Amino acid sequence: MAKMMFWPVEAAYKVVEGRAVVELYGKSRNGQVCVQAAGFEPYFWALEGESSDERITRIEEHTKKFLGKEVRAKKVFVKLPSDVPLVREKFRALEADIPFTRRFLIDRKITPLTCCEVEGEVAGGSYKVEVIRAAGIMPAEEEMPALRILAIDIETHTKMGKEILPENDPIIMAALYGEGLRKVLTWKHFDAKLDYLEVLNSEVELIERLGQLIEGYKPDIITGYFSDGFDLPYIKARADKYKVQLKAGLDNSPIRMKKGQTPVAEITGISHIDIFKFVKRIFRATMASFRLNEVAKELLNEEKVDVKLDNLFNAWNEQNGELEKFAEYNMQDAKLTYKLCTKLMPNIIELTKMTGLAPSDASRMSFSQLVEWYLIKEAQEFNELAPNKPEYREERARRAESYEGGYVHEPTPGLYRDVAVFDFRSLYPTVISAHNISPDTIIYGKDSEDGVLKGLSFSSSKKGFIAAVIENVIQRRLRIKELAKNSNDRMLEARQQALKTIANSIYGYYGFFGARWYNIDCAKAITAYGRHHIKQVISEAKEANLSVLYSDTDSIFIALNGKSIEEVLEFVKHVNEKLPGIMGLEYEGLYKSGIFVATKGTETGAKKKYALLGGDGRMKIRGFETVRRNLSQIAKETQEKALEMILNSLPKEEVAAYIKNAVNLLRTKKIPLDKVMIRTQISRELRSYENTPPHVAIAIRMQERGEKIGAGTTVSYIVTEGKGAIRDRARLPEEVKDGEYDAEYYITNQVIPAVERLLEVIGCTKEEITETYRQKKLESYFG
DNA sequence: GCTACTCGGGG
DNA sequence: GTGTACGAGTAGC
């Protein structure tokens with residue numbers, strides 16, 4: 001019997017002769033393998049109930065803990081994983097919805113991407129990889145060989161502005177980028193000096209070649225940018241259309257699409273990571289746009305090839321010499337995707353190891369889900385049973401619950417210079433740990449000794465399950481940060497980041513309606529302590545004569561107002577000395593200028609809506625709507641440019657003149673139609689709409705003209721002059737001639753709302769911008 | 001005000 | 001597959 005080191009990447013199972021066999025796909029020192037493990041029995045826990053169901057094979061009794069109480073629990077074993085949902089109804093069941101492969105990994109203490117020692121024999125079969133029938137799998141400690149990553153990106157033959165339809169539009173290019181692999185496949189000959197170009201005779205050949213190249217490369221990971229929603233389902237759809245057998249999976253299965261709110265593309269045995277989804281999740285709070293170009297600029301300091309994608313359709317039809325550029329564009333996208341995935345892989349690996357989920361799962365999960373899987377894994381160690389997910393009614397009730405959040409010190413709208421930003425790092429985790437806030441430590445009917453909580457408090461005599469978990473996470477993180485200090489190790493950095501992610505998400509998890517360990521009282525207590533601590537810092541800042549501009553939950557913006565940064569840092573040091581335990585205020589940075597705007601219709605400052613200008617000249621924009629697609633280009637452009645001008649302290653007349661100019665160009669019909677076009681997607685069957693918003697009215701008209709409109713079609717329209725509802729004045733771009741757009745609509749409903757709050761800050765009314773007679777005056781400003 | 005609907009990313 | 005997102009903005013009613 002042979003032994004080998006093995007690092008699982010993906011897990012699946014299949015039923016063989018009435019028994020479930022777990023299949024772990026992953027790396028060995030000799031390449032990819034599939035490790036089959038038989039003999040793990042499906043089971044669930046039960047607090048009450050009995051049944052003589054023949055699917056039950058046996059029942060054991062165990063002592064477990066459940067929400068702070070010791071309980072006797074039945075461990076109910078069944079024949080097949082699919083029996084669990086059928087049998088659990090007869091019991092007061094717990095942990096009866098943990099997927100079988102997941103249960104296997106938790107119980108056997110096998111963590112994906114972590115070394116195991118496998119003892120077993122090679123089995124036959126038709127898989128693309130060697131199959132090992134395992135007799136034993138034990139956790140081990142060896143470093144993983146590098147993961148092989150392959151990035152894929154396709155270009156389709158789609159007329160710009162039209163819906164991208166896999167049933168109509170062929171794939172005309174496909175780029176692959178990996179270690180030692182650079183390839184753009186296409187099926188038209190054109191002049192190009194690109195050594196990575198491979199020309200095939202048809203789209204079918206392109207798809208087949210794609211399959212060959214993937215198989216030859218043997219990726220552990222296939223990545224794409226929005227590949228769940230575009231590239232992989234598209235490739236699958238085209239392959240299906242031509243009845244090409246694209247056996248992408250290591251067991252020769254095709255690409256599978258899981259339909260949900262958002263689709264997920266799966267390939268058996270290969271970890272598919274849609275890096276867009278991961279980027280979006282982890283940078284949700286800090287990035288304004290998630291287009292590949294913006295993300296690549298931000299994270300890689302690289303850009304896409306600058307081409308007019310609108311021209312690809314014609315370039316393909318006419319072979320006008322532009323295709324080479326598009327091939328470069330295609331390659332560059334795959335390269336950027338590869339680099340993003342490579343760069344973020346340490347983070348995905350660490351989240352994988354923490355939660356014990358496969359990287360394809362961990363990379364797609366919301367923070368709440370990551371926390372939950374981490375807690376489920378930890379629960380096993382603590383002999384705790386996981387509570388069930390809420391039923392529909394319970395979930396509804398939870399959704400309706402609201403409570404007081406973080407403290408917000410409202411900004412006074414205006415433009416400020418020299419803004420120092422500080423924040424409480426890990427405010428809520430440190431609060432949870434310090435005050436032992438856990439569902440199993442609540443004492444009802446007793447105020448907390450510090451007077452912060454009324455009607456309940458938290459026991460200090462025993463450590464709560466989740467408080468213990470978070471404390472452990474915080475301490476591990478501190479140790480790793482200490483190690484990372486002198487090492488500049490990317491894995492250590494990623495590990496502390498993953499620990500931080502989990503720690504920071506537990507508060508939100510307590511208040512998340514879908515959570516197993518949901519506890520609104522815990523969530524309320526955490527914010528109460530958070531408010532208590534930050535208010536104290538703010539009042540001390542006032543005592544120290546510092547001008548607090550804005551504060552939201554855990555951050556504080558201070559205007560230097562001539563004070564030196566040293567004085568402010570001195571204050572922070574003083575604050576930190578007085579804060580309990582590991583709580584602390586950190587210096588985030590100094591900004592050249594910052595702008596706060598008012599809430600619509602009031603004079604009070606808007607929360608979570610501001611822009612800062614860094615010392616490097618980069619803007620940090622929060623809460624402004626600069627990137628929404630269903631806003632016309634002219635509105636987006638004007639807002640962003642105005643923000644930039646104001647932050648750079650240009651005189652108000654110049655800003656006003658800039659906006660005024662945009663308004664005038666609209667009025668004098670000099671704005672090109674593509675800048676007033678509004679694009680909106682039709683999301684379902686037209687007849688199922690109860691109301692008729694403008695884009696639906698347009699879609700109905702398009703349908704009447706014989707065009708195919710379905711869920712997913714993007715309609716573009718331009719609002720034209722006339723009376724009545726906007727939907728009656730919306731026209732298709734081709735129906736509108738230059739200058740026929742309704743300037744007043746775009747001024748009042750698009751451009752002005754986008755800049756209105758900014759105008760207030762520089763002391764300019766929207767009338768000054770829109771009134772016609774003022775036009776001359778401002779224009780004359782430039783002589 | 002409330003409800004219905006769409007946005008994101010991809011070509 | 002023993003499991004599936006979300007938070008924010010706008011127009012219409």
Side-chain angles (χ1 to χ4, degrees), chain A residues 12-13 20 42-44 78 80-88 93-104 153-166 169-173 224-234 256 258-264 266 274-277 279-281 284-285 288-295 309-310 312-313 316 326 329-330 333 337 357 361 364-369 372-373 376 389 512 514 608 623 625 627-631 678-684 688-697 714 725-727 749-750 753:
Chain A
Y13 80 93
Y43 72 90
F44 62 93
V78 292
L80 290 173
S82 55
D83 292 336
V84 173
L86 304 171
V87 176
R88 69 184 174 203
L94 288 171
E95 301 191 9
D97 56 356
I98 314 285
F100 181 62
T101 56
R102 177 80 183 115
R103 179 92 268 168
F104 172 85
D153 181 63
I154 61 165
E155 308 298 327
T156 64
H157 189 238
T158 307
K159 202 167 177 188
M160 246 324 149
K162 292 281 177 204
E163 183 190 2
I164 314 168
L165 286 172
D169 308 342
I171 298 168
I172 53 179
M173 287 181 191
Y225 202 80
F226 198 50
S227 44
D228 271 340
F230 186 68
D231 302 78
L232 292 195
Y234 210 100
R256 288 184 314 282
K258 280 207 286 190
K259 278 284 179 189
Q261 288 246 1
T262 55
V264 171
E266 292 181 327
D274 183 342
I275 202 64
F276 155 71
K277 272 203 179 138
V279 166
K280 201 172 132 183
R281 196 133 300 153
R284 202 178 60 173
S289 163
F290 292 96
R291 292 191 182 94
L292 178 56
N293 199 40
E294 320 306 320
V295 170
L309 201 53
D310 308 40
L312 175 57
F313 185 81
W316 183 260
F326 283 107
Y329 170 87
N330 190 199
D333 276 9
T337 304
L357 297 160
D361 286 331
R364 283 175 179 79
M365 281 193 182
S366 68
F367 293 144
S368 287
Q369 286 171 306
E372 187 149 286
W373 284 116
I376 288 171
K389 288 193 188 171
F512 169 57
K608 305 181 200 301
E625 51 284 89
V627 288
R628 288 174 66 86
R629 179 164 76 181
N630 58 352
L631 209 62
I678 298 168
R679 288 155 53 87
T680 309
Q681 206 170 52
I682 298 296
S683 63
R684 47 202 171 92
S688 68
Y689 282 94
E690 290 184 17
N691 299 327
T692 317
H695 64 284
V696 174
T714 300
I726 290 162
R727 63 164 170 265
N749 293 45
Q750 297 260 326

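Every chain is numbered from 1 and lettered A, B, ... according to where its sequence line falls, protein lines coming before strand lines. Quick caveat, the model's predicted, so the values are computed rather than measured.
The distance between atom CZ of F367(A) and atom P of dC6(C), rounded to the nearest whole Å, is 12 Å. Here the P atom of nucleotide dA5(C) and the CG atom of D274(A) are 16 Å apart, to the nearest Å. Going from atom CG of D153(A) over to atom C1' of dG10(B) covers 8 Å, rounded to whole Å. Atom CD of E294(A) is separated from atom P of dG8(B) by 13 Å (rounded to the nearest Å). Taking atom CZ on F313(A) and atom C1' on dG11(B), their separation rounds to 12 Å, with Å as the unit. Regarding L94(A), its CG atom lies at a distance of 18 Å from the P atom of dT2(C), rounded to whole Å. Here the P atom of nucleotide dG10(B) and the CG atom of D310(A) are 14 Å apart, to the nearest Å. The CZ-P distance, from F226(A) to dG8(B), rounds to 9 Å in whole Å.
Checked against dT2(C), dG8(B), dA11(C), the side chain of N749(A) finds its nearest nucleotide in dA11(C). Nearest to the side-chain atoms of Y329(A) among the listed nucleotides dG11(B), dC5(B), dT2(C) stands dG11(B). With dC5(B), dG12(C), dG8(B) as the candidates, the nucleotide lying closest to the side chain of K280(A) is dG8(B). For F100(A), the listed nucleotide lying nearest its side chain is dT2(C); candidates were dT2(C), dC6(C), dG12(C). Each of dC5(B), dT2(C), dG9(B) was ranked by its minimum atom distance to the side chain of P81(A); first place goes to dT2(C). For T156(A), the side-chain atoms get nearest to dG11(B) when compared with the rest of dT4(C), dG11(B), dT2(C). Among the nucleotides dG12(C), dG10(B), dT2(C), the one closest to the side chain of R727(A) is dG12(C). Considering only side-chain atoms of R291(A), the nucleotide from dC5(B), dC6(C), dG10(B) that sits closest is dG10(B). The listed nucleotides are dT2(C), dG10(B), dC6(C); the one nearest the side chain of Y225(A) is dG10(B). The side chain of R284(A) sits closest to dG7(C) out of dG8(B), dT2(C), dG7(C).
Here F512(A) lies in heavy-atom contact (under 4.0 Å) with sugar-phosphate atoms only. P42(A) comes within 4.0 angstrom of a base, heavy atoms only.
Looking at S368(A) and S366(A), their side chains never bring a donor and an acceptor atom within 3.5 Å of each other. Judged by distance alone, the side chains of T156(A) and D169(A) never bring a donor and an acceptor atom under 3.5 Å apart.
Panel note: side chain R88(A), backbone A96(A); a donor-acceptor pair is recorded below 3.5 Å.
Both E155(A) and V696(A) lie close to DNA chain B; mapped to their nearest nucleotides by heavy-atom distance, the more 5′-ward contact belongs to V696(A). The residue among S368(A) and K389(A) whose nearest nucleotide of DNA chain C is located toward the 5' end is K389(A).
Atom name P, nucleotides dG9(B) and dA8(C): the rounded distance is 16 Å, in whole Å.
Summarising the geometry of F313(A) relative to K159(A), their closest heavy-atom pair is CD1-N, 3.4 Å, with the distance given to 0.1 Å.
At the phosphate of dG8(B), neither OP1 nor OP2 sits under 4.0 Å from any side-chain N or O atom of R679(A).
Salt bridge K389(A)/D97(A): absent, no basic N to carboxylate O contact under 4.0 Å.
In summary, the aromatic rings of F230(A) and F226(A) are positioned with their centroids too far apart to meet the 6.0 Å limit.
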